[in-house]
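A short write-up of the structure that comes next.
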Amino acid sequence: MSKKPFVTLEQVKEIAKKYPTPFYLYDEKGIRENAKKVKEAFAWNKGFREYFAVKATPNPFIIDILRDYGCGVDCSSEAELYIAEKMGCTGTDIMFSSNCTPAREYRYAHKLGAIINLDDFTDIEALDQICGIPERICCRYNPGGEFRISNSIMDNPGQAKYGFTHEQMIEGYKILKEKGAKEFGIHAFLASNTVTNDYYPTLARELFELAVELKEKTGAKISFINLSGGVGVPYTPDQEPNDITVIGENVRKVYEEVLVPAGMDDIAIYTEMGRFMLAPYGALVSKVVHQKHTHKEYIGLDACASNLMRPMMYGAYHHITVLGKEDQPCDHLYDVTGSLCENSDKFAVDRMLPKMDYDDYVFIHDSGAHGFSMGYNYNGRLWSAELLLQDDQTVKMIRRPETIQDYLATFDFTDIFQPKESDLIHGIGDKEQNE
Ligand SMILES: *Cc1c(COP(=O)(O)O)cnc(C)c1O
């Protein structure tokens, strides 16, 4: 029933001597153990590959760890393709799953030899005009309606902007074939942050049946099926985590039930997980810098929604551990806030926590995916550092904190913000800012 931080108060105090709070901390050991489990869960499938969704944690040091387990990258923008290129990813290491895609991004993806995953029927003609249809191509499917597992509604594809309809898939594969495509993939992302072992197997059945139908109706050679992301993590302590071993095994059963009898036993399974690969293995670490007793009890942190936006954006729950007070009773009711001039800048509302004091360190759990990367600069609040707690328990900085000069870098066409000697004395962009 409780969530355990992957560091102790003593470790964080030591880290904070060198790297002032707030900072993101990632757990290399946890990332590796999980990536290994994912690989093993799908080892029954010869072509299996996880394409890590770069947007979840766009840090080359993190992505490099995942590449040790055979992971490729899933990109959806020019910047993400650039990260992939600089990291030495080429060709089928890259899945380009974009939507509303500018021509130059298709051109770039094509130049890198990435697997292009088309989001819309009209993209077929567009891509043909821009760079021609490659031999290997993928289309994203959206069946519409509601996505259900047993009787519960998991998500609402009918309201989602992504993908081809069923008819468009059939028509699209025919056209792509005429235009010279030889190998096809099918992709779908129908529910987000699912905390049930049934999501992938249910989705797989739908896509496998579609693959059989597409083969029959269009003669297209389906070479891979991309189950995309959506495998979730238990953000609240009462949720049961997904078991990737069970998920892999149940996808295998559906594969043997649907694809093997249709003679389609050479199809590779791809995934594009972000959250499942990283969320539990990253935390935002912050310090209590303010306490306020008005109509409610407020705890103010040195981090804010610029560092972690999910609570503000979705009302998302992120568990908070007050380091060193793990065993104390949660008998105080607090709102835990940042400093933005936005009342929604709260990491927790009406949360029962141990009695908190100035300089307490808090560990905000499950921030390793869609955490840092979703940050923004409202109020001129700056991005924090990202740190890696390595296998040997030493800490390595994998992104430095943003400075005021970084924030103002897009004014470099004028000299208004050119730093002067006197600025540096006042600590612009250096550590003293954090004090
Ligand atoms: C965001 C995204 C993912 C990753 O989703 P998670 O919820 O992090 O698993 C995968 N594929 C596509 C196309 C996405 O947009």
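Both ligands and their constituent atoms are indexed starting at 1 by order of listing.
With a 4.0 Å cut-off on non-hydrogen atoms, Met95 does not touch ligand 1 at all. At a 4.0 Å heavy-atom cut-off, ligand 1 touches Asp74 through the side chain alone. When heavy-atom distances to ligand 1 are checked against a 4.0 Å cut-off, Phe189 comes that close only through its side chain, counted from C-beta outward. Neither the backbone nor the side chain of Ala56 has any atom closer than 4.0 Å to an atom of ligand 1 (non-hydrogen atoms only).
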(request) Check the pair Arg351 / Leu333 against side chain to side chain contact (heavy atoms under 4.5 Å, CB included), numbers first and verdict last. (result) CA-CA 5 Å; Arg351 183 80 56 92; Leu333 186 68; 5.9 Å; no
(request) Evaluate side chain to side chain contact (heavy atoms under 4.5 Å, CB included) for Thr8 paired with Val12, printing each intermediate quantity in order. (result) CA-CA 6 Å; Thr8 61; Val12 162; over 6 Å; no
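The shortest non-hydrogen separation linking Ala262 to Val212 is CB-CG2, 3.8 Å.
Polar contact with ligand 1: absent for Asn193 (N/O pair, distance under 3.5 Å).
In the displayed structure, Tyr317 atom OH is contacted under 6.0 Å by more than 12 heavy atoms of other residues, nucleotides or ligands.
Classification of the Phe48-Phe42 ring pair by plane angle, with boundaries at 30° and 60°, yields parallel.
Considering Asp123, Asp120, Asn117, Leu118 as possible partners of Arg140, the one that fulfils the side-chain contact (heavy atoms from CB on, under 4.5 Å) test is Asn117.
Using a 4.0 Å heavy-atom cutoff, Met277 is absent from the residues neighbouring ligand 1.
With 3.5 Å as the limit, one finds a donor-acceptor pair spanning the side chains of Glu85 and Tyr108.
Within the listing of ligand 1, atoms 4 (C), 6 (P), 8 (O), 9 (O) sit less than 4.0 angstrom from a heavy atom of Gly274. Atom numbering of ligand 1 starts at 1 in the shown order; those under 4.0 Å from a heavy atom of Ser97 are 13 (C). Numbered from 1 in the order shown, with element, the atoms of ligand 1 that lie under 4.0 Å from a heavy atom of Arg275 read 6 (P), 7 (O), 8 (O), 9 (O). Atoms of ligand 1 lying under 4.0 Å from any heavy atom of Arg140, numbered from 1 in the order shown and given with element: 13 (C). Taking a cut-off of under 4.0 Å to the non-hydrogen atoms of Ser228, the atoms of ligand 1 that pass are 10 (C), 11 (N), 12 (C).
Nearest protein heavy-atom neighbour of atom 2 (C) of ligand 1: Lys55 NZ, 2.3 Å. At the top of the distance list for atom 13 (C) of ligand 1, counting protein heavy atoms only, stands Glu272 OE1, 3.5 Å. Among protein heavy atoms, atom 9 (O) of ligand 1 sits closest to Gly230 N, 3.0 Å.
Two rings, from Phe6 and Phe363, have their centers less than 6.0 Å apart.
A salt bridge does not link Glu183 with Lys221: every distance from a Lys NZ or Arg NE/NH1/NH2 to an Asp or Glu carboxylate oxygen is 4.0 Å or more.
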